[in-house]
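A short write-up of the structure that comes next.
First listed ligand is number 1; within each ligand, the first listed atom is number 1.
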Amino acid sequence: MIKVNSPYVGEEELEAVAEVLRSGYLAYGPKAREFEREFSEYLGVKHVKTVINGTIALYAALKALGVGEGDEVIVPDFSFFATASTVVLAGGKPVFADIDLETYTISPQDILTKITDRTKGIIVVHLYGHPADMDPIKEIASERSIFILEDCAQAHGAEYKGVKVGSIGEAGAFSFYATKNLTMGEGGAVATNSDEIADAVDLLRNHGQRGRYWHVDIGWNFRLTNIQAAIGLVQLRKLDSMNNRRREIAEAYRDGLGSIEGLRLPEEKPWGKHVYHQYTVWVEDESVRDKLREFLESRGIQVGIHYPTPLHEQPALRIFAGGGCCPNASEASKHVLSLPMHPGLRDEDVEEVVSAVREFFKG
Ligand SMILES: Cc1ncc(COP(=O)(O)O)c(C=O)c1O
């Protein structure tokens with residue numbers, strides 16, 4: 001079976017975990033702080049605050065940005081559920097904006113139609129590892145003094161005009177889930193240049209403690225462990241080489257599949273660096289998408305659909321959707337298919353996927 005996504009871990013991660021276990025310091029501590037320091041340097045931001053997963057990173061960032069009762073936050077209609085559910089958890093209302101079909105990221109033009117006087121901010125998702133077009137979004141946000149929160153769960157190391165994503169908006173939220181470009185099994189982080197946002201996340205993740213047993217606010221326990229951070233440090237040090245391997249695989253897919261009619265391959269805009277968390281193709285004929293999926297799976301090639309339902313149609317989110325929402329997101333949900341993409345794929349695996357897809361379209 002060729003897996004669609006898979007963690008890329010080995011002896012180094014094993015040794016790093018063993019070292020933490022031997023040290024006896026398992027909970028949040030020196031390794032977590034080391035990871036925060038190194039990841040902030042990597043991103044070019046002042047602060048990184050780790051938390052237990054990407055969902056909590058989004059939630060904590062939204063709370064730190066002041067989202068509460070009655071606040072609207074514009075989110076792309078095409079993303080993982082947590083991009084919108086965390087707005088609800090923070091007490092706000094998600095407002096769905098459509099996506100651009102070349103990058104699958106939020107459409108600046110559609111954001112403009114969704115702004116009201118209750119809009120508090122915008123969540124931008126760098127979906128599949130391709131950056132959203134940040135300049136027009138920054139212009140919209142700064143004119144209205146609303147925040148930008150970057151959902152970077154799928155985009156560790158991706159760049160917009162040479163700048164790492166997660167360092168562009170008021171805050172960036174990362175996930176270190178098992179199959180992400182940088183994994184800890186589970187984990188998350190908020191990146192920011194703002195001392196206030198960093199401090200608010202710090203309080204929220206650790207029972208509102210300012211000093212030992214001195215609680216200035218009501219908070220949670222969202223702390224990462226040293227065990228997870230030790231895995232993360234190894235992963236961070238090889239992130240660029242893992243992303244380069246993903247980019248190499250993407251190039252091999254482009255060489256092998258670029259000429260197939262009926263298939264549109266992911267693009268990399270001249271202003272962006274794609275880190276291919278997913279390699280998601282667009283199957284022109286929607287009735288063919290599921291046949292291709294079945295065919296590849298019958299050949300032992302696992303594929304994915306990211307995502308089969310736009311957020312405004314999710315049963316738990318429908319109440320937040322106004323009428324006439326997001327035709328591009330609805331179309332995308334019917335046409336997209338993710339092919340295997342992870343650094344552990346061998347050249348033979350990639351060739352096997354290419355020849356199976358080619359065979360399907362010839363047949
Ligand atoms: C775009 C996006 N946002 C948020 C999340 C949530 O991250 P986590 O699974 O670590 O809670 C994910 C993870 O799948 C994601 O892909």
Any idea which atoms of ligand 1 are less than 4.0 Å away from a heavy-atom of [X]?
{"X": "Thr83", "result": "3 (N)"}
{"X": "Ser175", "result": "7 (O), 8 (P), 10 (O)"}
{"X": "Ser79", "result": "1 (C)"}
{"X": "Gln154", "result": "1 (C), 16 (O)"}

Worksheet item: What pairs with Glu170 under side-chain contact (heavy atoms from CB on, under 4.5 Å), at least two apart in sequence or on another chain?
Response: Leu65, Phe147, Ile148, Ile197
Worksheet item: So Phe174 and His156, would you call those rings parallel, tilted or perpendicular, with 30° and 60° as cut-offs?
Response: tilted
Discussion item. Below 30° counts as parallel, above 60° as perpendicular, anything between as tilted: where do the rings of Phe360 and Phe295 land?
Written reply: tilted
Discussion item. Are Tyr128 and Tyr276, when compared by the centres of their aromatic rings, separated by less than 6.0 Å?
Written reply: no
Discussion item. Ala82 versus ligand 1: do any nitrogen or oxygen atoms come within less than 3.5 Å of each other?
Written reply: no
Worksheet item: Below 3.5 angstrom, do we get any N/O pair linking Glu186 and ligand 1?
Response: no
Considering non-hydrogen atoms of the protein only, which is the closest contact for [atom], and what is the distance?
{"atom": "atom 2 (C) of ligand 1", "value": "Ala153 CB, 3.4 Å"}
{"atom": "atom 8 (P) of ligand 1", "value": "Gly54 N, 3.5 Å"}
{"atom": "atom 14 (O) of ligand 1", "value": "Lys180 NZ, 2.8 Å"}
{"atom": "atom 6 (C) of ligand 1", "value": "Thr55 OG1, 3.6 Å"}

Just by distance, no angles: are the side chains of [X] and [Y] close enough, under 3.5 Å, to form a donor-acceptor pair?
{"X": "Ser338", "Y": "His306", "value": "yes"}
{"X": "Asp98", "Y": "Ser107", "value": "no"}
{"X": "Thr116", "Y": "Glu72", "value": "yes"}

Discussion item. For Arg246, is there an ion pair with Glu248 - N to carboxylate O distance below 4.0 angstrom?
Written reply: no
Worksheet entry | ligand 1 contact on Ile56 by region, counting heavy-atom pairs under 4.0 Å | neither
Practice prompt. Using heavy-atom distances, let me know which of Thr179, Asn53, Asp151 sits nearest atom 3 (N) of ligand 1.
Written response: Asp151
Fill in: Closest candidate by heavy atom, reference atom 12 (C) of ligand 1, pool Phe176, Phe80, Tyr128
Phe80
Discussion item. Check whether Arg245 reaches the backbone of Leu345 with its side chain - one donor and one acceptor, N or O, closer than 3.5 Å.
Written reply: yes
